[in-house]
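This report concerns only the one structure given below.
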Amino acid sequence: MPISQPSSPFVQPTAPDGLPVLEAGAHRDARSGSCVMEYVSVLAGERFTDRPTCTHPAVAALAWQVNDAVSHEARQQLGMRAVDLVGAGRDVDGPVRPVVLAAVARAGLRLDPDNRFFTRLERRVEEARAKAERRRADGHDAGDGSGGRIATLLHVGPVNHACAHLLVAARAAGLDVTARDAVLVDLLDDCLATARDERTPVTDAVPAG
């Protein structure tokens, strides 16, 4: 279900009054068009790219999938989520890919509660989270290696695969364009809300003495 736009734990850029017209796919520069993640790169002050470093690659992969799968009209709504995508997943306390995949699994199971793929995905997500908790308890990093080209590919592939299954489930459920758009936009909102809920708490420094 749609969510409100809560504030982020750090100072966010403010979206300009004139939002760009968002398009599907990647673009060479802003003059040739912009997807939602390319718009995010502009807001964050990075070079123009659909892979801005400010956003965790698993979250970015979900945003690409939603951007390209929704209708042109629904895509324009994503511009209002761009500010929340700046920094999304970078301050999560633990692995981020399971957060994204869990959101996809929830969306899939709402469409088809008996779907075996999403049932297995939900189970694998819980196993990944349990593994992260064991690593944290042993004093190791509980993150998921969000940096580097190989690590990025390890995030993008599973998210793309899960989203492909979600689109198949939406077709099998007989959703029209409007209903499918709602499922996908709500999926992105769910992921962003969960990432905010699981971010690392920021504690105030205690003055010495």
Side-chain angles (χ1 to χ4, degrees), residues 1-10 12 36-37 40 44 52-67 69-70 74 77-113 115 117-136 141-147 151-152 154-167 169-170 180-202:
M1 58 184 171
I3 60 171
S4 59
Q5 302 290 320
S7 59
S8 185
F10 51 88
Q12 288 276 25
V36 66
M37 288 311 302
V40 168
T53 59
C54 64
T55 306
H56 189 283
V59 179
L62 180 64
W64 303 334
Q65 292 293 321
V66 173
N67 180 91
V70 297
Q77 301 176 28
L78 303 184
M80 299 304 296
R81 278 91 174 157
V83 168
D84 283 339
L85 282 162
V86 175
R90 287 303 190 188
D91 55 357
V92 168
D93 182 21
V96 177
R97 188 171 68 243
V99 171
V100 178
L101 293 176
V104 180
R106 286 192 294 272
L109 289 171
R110 282 193 292 269
L111 289 174
D112 180 3
N115 187 288
F117 173 82
F118 294 115
T119 300
R120 289 196 304 268
L121 180 60
E122 191 174 53
R123 184 171 62 248
R124 289 199 299 268
V125 165
E126 291 305 316
E127 291 169 352
R129 285 176 164 166
K131 181 179 179 181
E133 287 300 323
R134 290 194 297 271
R135 287 184 57 80
R136 184 183 287 109
D141 179 16
D144 55 3
S146 59
T152 296
L154 291 175
H155 296 305
V156 171
V159 173
N160 288 352
H161 182 63
C163 286
H165 277 269
L166 182 63
L167 292 175
R180 184 200 63 197
D181 285 348
V183 167
L184 293 170
V185 174
D186 286 354
L187 164 61
L188 182 59
D189 285 344
D190 182 20
C191 176
L192 290 172
T194 307
R196 282 191 294 268
D197 290 343
E198 298 195 12
R199 64 185 181 234
T200 304
V202 178

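Reckoned from all heavy atoms, side chains included, excluding hydrogens, waters and symmetry mates. Count residues from 1 along the sequence. None of the values given here were measured: they were computed from a predicted structure.
In plain terms, the two heavy atoms of A44 and V86 that are nearest each other are CB-CG1, 4.2 Å. Shortest non-hydrogen contact noted between L62 and C163 is CD1-SG, 3.6 Å. In terms of heavy-atom proximity, A162 sits nearest to L101 at CB-CD2, 3.9 Å. In plain terms, the two heavy atoms of A195 and G89 that are nearest each other are CB-N, 4.5 Å. Contact detail for V100 and C191: the closest heavy-atom pair is CG2-SG, 3.7 Å. Considering all non-hydrogen atoms of both residues, A107 and L166 come closest at C-CD1, 3.9 Å.
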Exercise for review: Dump the intermediate steps for side-chain contact (heavy atoms from CB on, under 4.5 Å) on R81 and V185, then the final yes or no.
Suggested key: CA-CA 10 Å; R81 278 91 174 157; V185 174; 3.3 Å; yes

Exercise for review: Go through the steps for L111 and F118 under the test side-chain contact (heavy atoms from CB on, under 4.5 Å), then give the verdict.
Suggested key: CA-CA 10 Å; L111 289 174; F118 294 115; over 6 Å; no

**Study point:** Verdict with supporting geometry, M37 and N67, side-chain contact (heavy atoms from CB on, under 4.5 Å)
**Key:** CA-CA 9 Å; M37 288 311 302; N67 180 91; over 6 Å; no

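Within the 4.5 Å cutoff, the side chain of L184 has heavy atoms near those of the L167 side chain. Side-chain contact check for T194 versus R106: some heavy-atom pair is nearer than 4.5 Å. Taking the side chain as every heavy atom from C-beta outward, W64 and V36 never approach each other to under 4.5 Å. In this structure, the side chains of V59 and R90 stay at 4.5 Å or more apart for every pair of heavy atoms.
Atom NE2 in H161 sits 4.0 Å away from atom CZ in F117 (nearest 0.5 Å). For the atom pair R110 CZ and N115 CG, the distance stands at 13.5 Å (nearest 0.5 Å).
Within a 6.0 Å radius of CD in Q77, more than 12 heavy atoms belonging to other residues, nucleotides or ligands are found.
At distances below 3.5 Å, at least one donor-acceptor pair connects side-chain atoms of R180 with backbone N or O atoms of A69.
Results of the side-chain contact (heavy atoms from CB on, under 4.5 Å) test with L192 over L187, V99, L85 single out L85 as the only residue that passes.
Qualifying side chain to side chain donor-acceptor pair (under 3.5 Å) partners for Q65, counting only residues two or more places apart in sequence or in other chains: N160. Taking the salt bridge (Lys or Arg N to Asp or Glu O under 4.0 Å) definition, one finds that E126 meets it with R129, sequence neighbours left out.
A donor-acceptor contact closer than 3.5 angstrom links the side chains of R97 and H155.
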